[in-house]
Amino acid sequence: MPLPHDLCSLVQNAFRARHKRIAIDHTTQNLGILSILLRTGFISSLTRGTIDGPSPEAFHTVGEAQKRIWAELKYREDRPVLSSMSLVSRPSRRVFMDTSEIRRICSGRRAQTIKPLGLGEIAVVKTKSKEHEWLEAREALQMRLDGEVVCRAQ
């Protein structure tokens with residue numbers, strides 16, 4: 001299973017290099033994190049495709065190794081919408097939070113060693129729920145789900 005830091009660095013570097021779109025390996029983790037970035041407005045669209053390009057029709061005909069998620073990056077006034085994306089939970093030190101701790105970081109207070117979320121900043125939470133496995137911190141708080149805080153984006 002690929003680690004989330006690969007996705008964080010790939011997305012952040014693509015924004016800094018002013019790419020229009022990027023291809024990311026098709027995994028449920030990458031799809032979950034990218035769909036949160038799409039819902040919160042950091043990227044403009046997601047399309048399934050192959051190594052060659054975004055093509056939902058060809059996606060179903062190729063093998064697993066060639067499946068990709070194509071994300072169209074979003075810029076406003078020629079500046080990237082996403083300025084930084086960093087990992088919170090690392091393989092050597094996982095950060096699990098219950099709903100009260102998630103409430104603290106969402107409301108501007110420190111929880112554990114995690115700084116509070118700033119204005120326009122999101123945190124990605126991986127919950128144990130199969131139906132809602134990947135959520136933004138505020139969505140997890142509304143659904144009263146606790147979990148692992150994977151990364152944050154601003």
Side-chain angles (χ1 to χ4, degrees), residues 1-16 19 21-51 54-56 59-60 62 64-74 80-154:
M1 174 127 174
L3 297 173
H5 66 78
D6 294 332
L7 178 66
C8 289
S9 62
L10 186 79
V11 170
Q12 186 170 303
N13 291 340
F15 268 110
R16 287 181 181 166
H19 289 297
R21 78 171 73 111
I22 54 172
I24 298 151
D25 291 339
H26 185 271
T27 62
T28 54
Q29 172 183 283
N30 289 347
L31 189 61
I33 294 172
L34 287 171
S35 65
I36 291 170
L37 291 177
L38 177 67
R39 284 195 311 262
T40 53
F42 286 108
I43 57 178
S44 57
S45 71
L46 288 177
T47 309
R48 288 184 168 157
T50 63
I51 293 173
S55 172
F59 177 81
H60 298 291
V62 298
E64 285 296 316
Q66 294 187 348
K67 291 183 177 182
R68 297 288 184 268
I69 303 167
W70 286 84
E72 186 138 348
L73 305 181
K74 195 174 189 180
V81 173
L82 188 138
S83 60
S84 71
M85 190 169 176
S86 61
L87 209 58
V88 173
S89 189
R90 292 173 173 79
S92 61
R93 190 177 152 273
R94 305 265 178 183
V95 178
F96 291 96
M97 291 189 174
D98 59 5
T99 52
S100 65
E101 292 172 321
I102 293 174
R103 180 176 287 115
R104 288 179 61 86
I105 65 167
C106 288
S107 63
R109 293 176 304 206
R110 187 179 211 80
Q112 296 179 14
T113 59
I114 309 303
K115 291 191 296 186
L117 296 177
L119 193 62
E121 190 173 13
I122 65 162
V124 177
V125 178
K126 181 181 180 186
T127 65
K128 292 183 176 98
S129 169
K130 288 295 175 194
E131 188 177 342
H132 304 287
E133 188 175 8
W134 294 95
L135 293 172
E136 199 272 323
R138 291 167 187 90
E139 295 171 342
L141 190 59
Q142 284 179 343
M143 294 181 187
R144 293 185 172 90
L145 295 172
D146 54 352
E148 179 184 2
V149 180
V150 177
C151 62
R152 59 194 302 156
Q154 180 177 350

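Treat the numbers as computed from the prediction; the structure is a model and nothing was measured.
The CG atom of Leu82 sits 9.5 Å away from atom CZ of Arg16, with the distance rounded to the nearest 0.5 Å. Between Ile51 atom CD1 and Lys67 atom NZ the span is 12.5 Å, to the nearest 0.5 Å. Between the CD1 atom of Ile33 and the CG atom of Leu38 there is a distance of 14.0 Å, given to the nearest 0.5 Å. A distance of 11.5 Å separates CG of Leu135 from CD1 of Ile122, quoted to the nearest 0.5 Å. Annotation: the span from Asp98 atom CG to Arg103 atom CZ amounts to 9.5 Å, rounded to 0.5 Å. Taking CG from Leu7 and CD1 from Ile24, the interatomic distance works out to 5.5 Å, rounded to the nearest 0.5 Å.
Under the side-chain hydrogen bond (donor to acceptor under 3.5 Å, both in side chains) criterion, the residue pairs touching residues 83-92 are Ser89-Glu148, with sequence neighbours excluded. The list of salt bridge (charged side-chain N to carboxylate O under 4.0 Å, His left out) pairs with a residue in residues 22-36, not counting sequence neighbours, reads Asp25-Arg68.
Residue Pro80 comes nearest to Phe15 through the heavy atom pair CB-CD2, 3.5 Å, listed as atom of the first residue, atom of the second, then distance. The two residues Gly41 and Val81 have their closest heavy-atom pair at O-CG1, 3.7 Å. A pairwise comparison of heavy atoms in Val95 and Val88 identifies CG2-O, 3.8 Å as the closest pair. Leu3 and Gln29 make their closest contact through C-NE2, 3.5 Å (heavy atoms, listed as atom of the first residue, atom of the second, distance). The two residues Trp134 and Arg39 make their nearest non-hydrogen contact at O-NH2, 4.1 Å. Of all non-hydrogen atoms in Leu10 and Ala23, the two that sit nearest each other are CD2-O, 4.0 Å.
For the pair Lys74 and Phe42, the NZ or CZ position fails the cation-pi test of under 6.0 Å to the six-membered ring centre and within 45 degrees of the ring normal.
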Query raised in the report: Taking it one step at a time, do Met97 and Ile114 satisfy side chain to side chain contact (heavy atoms under 4.5 Å, CB included)?
Result: CA-CA 10 Å; Met97 291 189 174; Ile114 309 303; 3.4 Å; yes

Requested in this report: Could you walk me through whether Thr28 and Leu31 pass side chain to side chain contact (heavy atoms under 4.5 Å, CB included), step by step?
Outcome: CA-CA 5 Å; Thr28 54; Leu31 189 61; 5.6 Å; no

Query raised in the report: Given Thr113 and Arg93, is the side chain to side chain contact (heavy atoms under 4.5 Å, CB included) satisfied, shown in steps?
Result: CA-CA 11 Å; Thr113 59; Arg93 190 177 152 273; 2.6 Å; yes

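Using a 4.5 Å heavy-atom threshold, the side chains of Arg110 and Lys115 count as touching. For the pair Cys151 and Pro4, the minimum side-chain heavy-atom distance is 4.5 Å or more.
A salt bridge is absent between Arg104 and Glu101: the closest approach of a Lys/Arg side-chain nitrogen to an acidic carboxylate oxygen does not fall below 4.0 angstrom.
Side chain of Arg21 to backbone of Pro54: no donor-acceptor contact under 3.5 angstrom is found.
Every side chain to side chain contact (heavy atoms under 4.5 Å, CB included) that Cys106 has, sequence neighbours left out, goes to Ile102, Leu117, Ala137, Arg138, Leu141.
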